[in-house]
Amino acid sequence: MLTLRNADLIRDVPMSSQAPQFSIPSSPMQRGQAAVQARNFEEAVRCFAEAVVQDDRNPQALAALGQSLCWLGRREEGVAQLRQSGQLLAKKARKTRDVSLTLNLADQLQYWTDYAGARDLARTAVQINPAEVRGYQLLAVSCLRLNLSTQALTAARQAIRLAPDSATLQILLATLEAAEKLHEPARNRLEKVLQGRLSPEEAFRAHKELANILDKLGEYDQVFAHLHAAAELSARLPEVRRQDAGLVSRMIESYRAGFDPALLRRWSTADLAGDVPAPSFVLGFMRSGTTLTQEVLAAHPRVLVADESSLLSSLGDELRRMNPCSGSLADQLRALDRDGIRHLRAHYWKLARGLYGEKLSGQHLVDKTTMNTIDLGLLNCVFPDAKVVFVMRDPRDVCLSCFMQTMIPTPSTVHLFTWQGIADFYALMLDWWLLMRERLSVPYLELRYEDAVTDFEPSFRRVFEFLQLPWDPAVAEFHKQAARKYVNSPSFSQVAQPLYSSSVGRWRRYAHAFETIGARLRPYVDAFGYEA
């Protein structure tokens, strides 16, 4: 699978993720598998942990325990178990040279965004069996997501030597060549690929990547032809067809009526005095600058950023568990007393500790999940003592950037595959923000992306002051820290670079394309003060 996982995937994680298959019978294992099928992950963890106690060298038990822990939200513990399973599988593979199960584990680590662990395991696999194409492919993708573009390019080239006729690998290699600024070779490669017979997904990716390369080469008049070609192909992709494209609009319609000022002000900071603290939240619309904001904040020694997590949205699941009666989310919140709200707050921190463990100790938690914008009402009710940073950007630059990106299909991102769909979804979400900012009881700060990149220190001093954190000069070097870690966003490579302003006003290169959606965006251009 060539598609890289992005920020919004965490909202729509499928139950099936090509788990490693084994054939070791075990009573706890059988009970654990039954619990997984029933989506009872707590029971699955107990069963698989029992199997590990019986045999702590059983890679099947370790892998199953790791996956179940991850599904339960205890990612740090789960990844540790998956890594241990991978090491045992690699040790066995050294005797047989069959690295298929080892690579399955590497794929699992990628799925749970442990790209460092996946890289190490894939590297071991290709050392054991240098003829394994899939090993080089997994190694290339892992290195790319870790901003190790030179190593990624080397791995992809080796994969191409072994499988020169693979269109998927040719597209991957072109992507990596572009990352290394080898734009002409990448362009030639993709144009040749597009002349062959491709699956809809391969053709979709080739057009998307070629559009981005042509943009870098300044061939602006050719870019939108490839973007629209990709948009037409997207309707044929199974992952896109499976999404409920009306889900978010139905949610917003319900929330507009349900989250009235009375509900949003039902609980106050004084009501929750002495309770667990509130995190801060960074949100906005996709491609608006939330990842840049996240990485600047994460460079502060007292801040831990939850990068595109499901922490807040999971509270909806917990609320439905607490109150299984029918009714909207707002109605269920109205039915809670103060103890119920305290329970939801404690549940949030329980999930956060499962994800980050001791890293949370003494840190100010910033929950940066861009599409938490949808859940503003839930956020306000459960955390009336929170602070919200809403990141905004010129709507035209936002829409252009969304169209240029390849997104994992989810109920939110499914709208970003077509030009008109992007404009309509942007309007839906920004109308919701404009309504909610008048109703919210939590304090909020609007941060302009353009100010952040052209007037960095004053802009972010304002953010840190709002969050009641002291200024630290280290945040100006955020890109160095970002380059050393995995960032769960399509802009992972951009935030690993020093600040640049070339993305400001980028839409003007494609002004002709906005003839079809300009009227749709005009209210927001005006509302946010972006001059024509």
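- Using a 3.5 Å distance cut-off with no hydrogens or angles, the side chains of Thr291 and Lys368 do pair a donor with an acceptor.
- Judged as a side-chain contact (heavy atoms from CB on, under 4.5 Å), and not counting sequence neighbours, the contacts of Arg509 are Asp215, Tyr220, Arg506.
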Show your reasoning for whether side-chain contact (heavy atoms from CB on, under 4.5 Å) applies to Thr516 and Trp419.
-> CA-CA 9 Å; Thr516 57; Trp419 191 225; 3.4 Å; yes
Could you go step by step and tell me if Leu109 and Val79 meet the side-chain contact (heavy atoms from CB on, under 4.5 Å) rule?
-> CA-CA 7 Å; Leu109 290 170; Val79 164; 4.2 Å; yes
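- Paired with Phe281 under the rule side chain to side chain contact (heavy atoms under 4.5 Å, CB included), one option of Leu311, Leu312, Val366 passes, and it is Leu312.
- Separating the OG atom in Ser313 from the CG atom in Asn372 is a distance of 6.5 Å, to the nearest 0.5 Å.
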Compile the donor-acceptor pairs under 3.5 Å between side chains in residues 228-236 and protein atoms, sequence neighbours left out, one pair per line.
residue : atom : partner : partner atom : Å
Ser234  : OG   : Ala231  : O            : 2.6

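- The minimum heavy-atom distance linking Asp451 with Ser459 is given by the pair O-OG, 3.1 Å.
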Is there a side-chain hydrogen bond (donor to acceptor under 3.5 Å, both in side chains) between Thr413 and Thr410 once you walk through the steps?
-> CA-CA 5 Å; Thr413 61; Thr410 71; 3.1 Å; yes
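- Looking at every heavy atom in both residues, Arg287 comes nearest to Val398 through O-CG2, 4.0 Å.
- Residues Thr373 and Gly284 approach most closely at OG1-O, 2.6 Å, considering heavy atoms.
- No side-chain heavy atom of Thr113 sits under 4.5 Å from any side-chain heavy atom of Asp307.
- Counting non-hydrogen atoms of other residues, nucleotides and ligands closer than 6.0 Å to CZ of Arg161 gives a total above 12.
- In this structure, the separation between CD on Gln33 and CD on Gln60 is 7.0 Å, given to the nearest 0.5 Å.
- In this structure, the separation between CZ on Phe417 and CZ on Phe425 is 12.0 Å, given to the nearest 0.5 Å.
- The closest side-chain donor-acceptor pair between Gln137 and Arg134, if any, does not fall under 3.5 angstrom.
- No side-chain heavy atom of His183 sits under 4.5 Å from any side-chain heavy atom of Glu219.
- Two residues are said to be in side-chain contact when any heavy atoms from C-beta on lie closer than 4.5 Å; Leu176 and Arg157 fail this criterion.
- With rounding to the nearest 0.5 Å, the separation of OH in Tyr449 from OG1 in Thr290 is 11.0 Å.
- A donor-acceptor contact under 3.5 angstrom links the side chains of Glu450 and Tyr530, judged on distance only.
- Under the 30°/60° scheme for interplanar angles, the aromatic rings of Phe224 and Phe403 are found to be tilted.
- Of all the heavy atoms in Ala63 and Leu82, the pair that sits closest is O-CD2, 3.5 Å.
- Summarising the geometry of Ala306 relative to Tyr356, their closest heavy-atom pair is CA-OH, 3.1 Å, with the distance given to 0.1 Å.
- If you take CG on Asp221 and CG on Leu214, they are separated by 9.0 Å, rounding to the nearest 0.5 Å.
- Here the side chain of Ser401 pairs no donor or acceptor atom with the backbone of Asp397 at under 3.5 angstrom.
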Start with the C-alpha distance between Thr124 and Arg94, add both sets of side-chain angles, then the distance that settles side-chain contact (heavy atoms from CB on, under 4.5 Å), and finish with yes or no.
-> CA-CA 9 Å; Thr124 298; Arg94 292 185 189 279; 3.4 Å; yes
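- Applying the ring-ring contact (aromatic ring centres under 6.0 Å, His included) test to His207 and every residue at least two apart in sequence or in another chain returns His226.
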Given the rule in the side-chain contact (heavy atoms from CB on, under 4.5 Å) test, do Gln294 and Val282 qualify, once you have shown the distances and angles that lead to the verdict?
-> CA-CA 7 Å; Gln294 155 196 314; Val282 172; 5.8 Å; no
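- With rounding to the nearest 0.5 Å, the separation of CZ in Arg508 from CG in Leu400 is 12.5 Å.
- Nearest approach of Arg119 to Leu146, heavy atoms of both residues: NH1-CD1, 3.8 Å.
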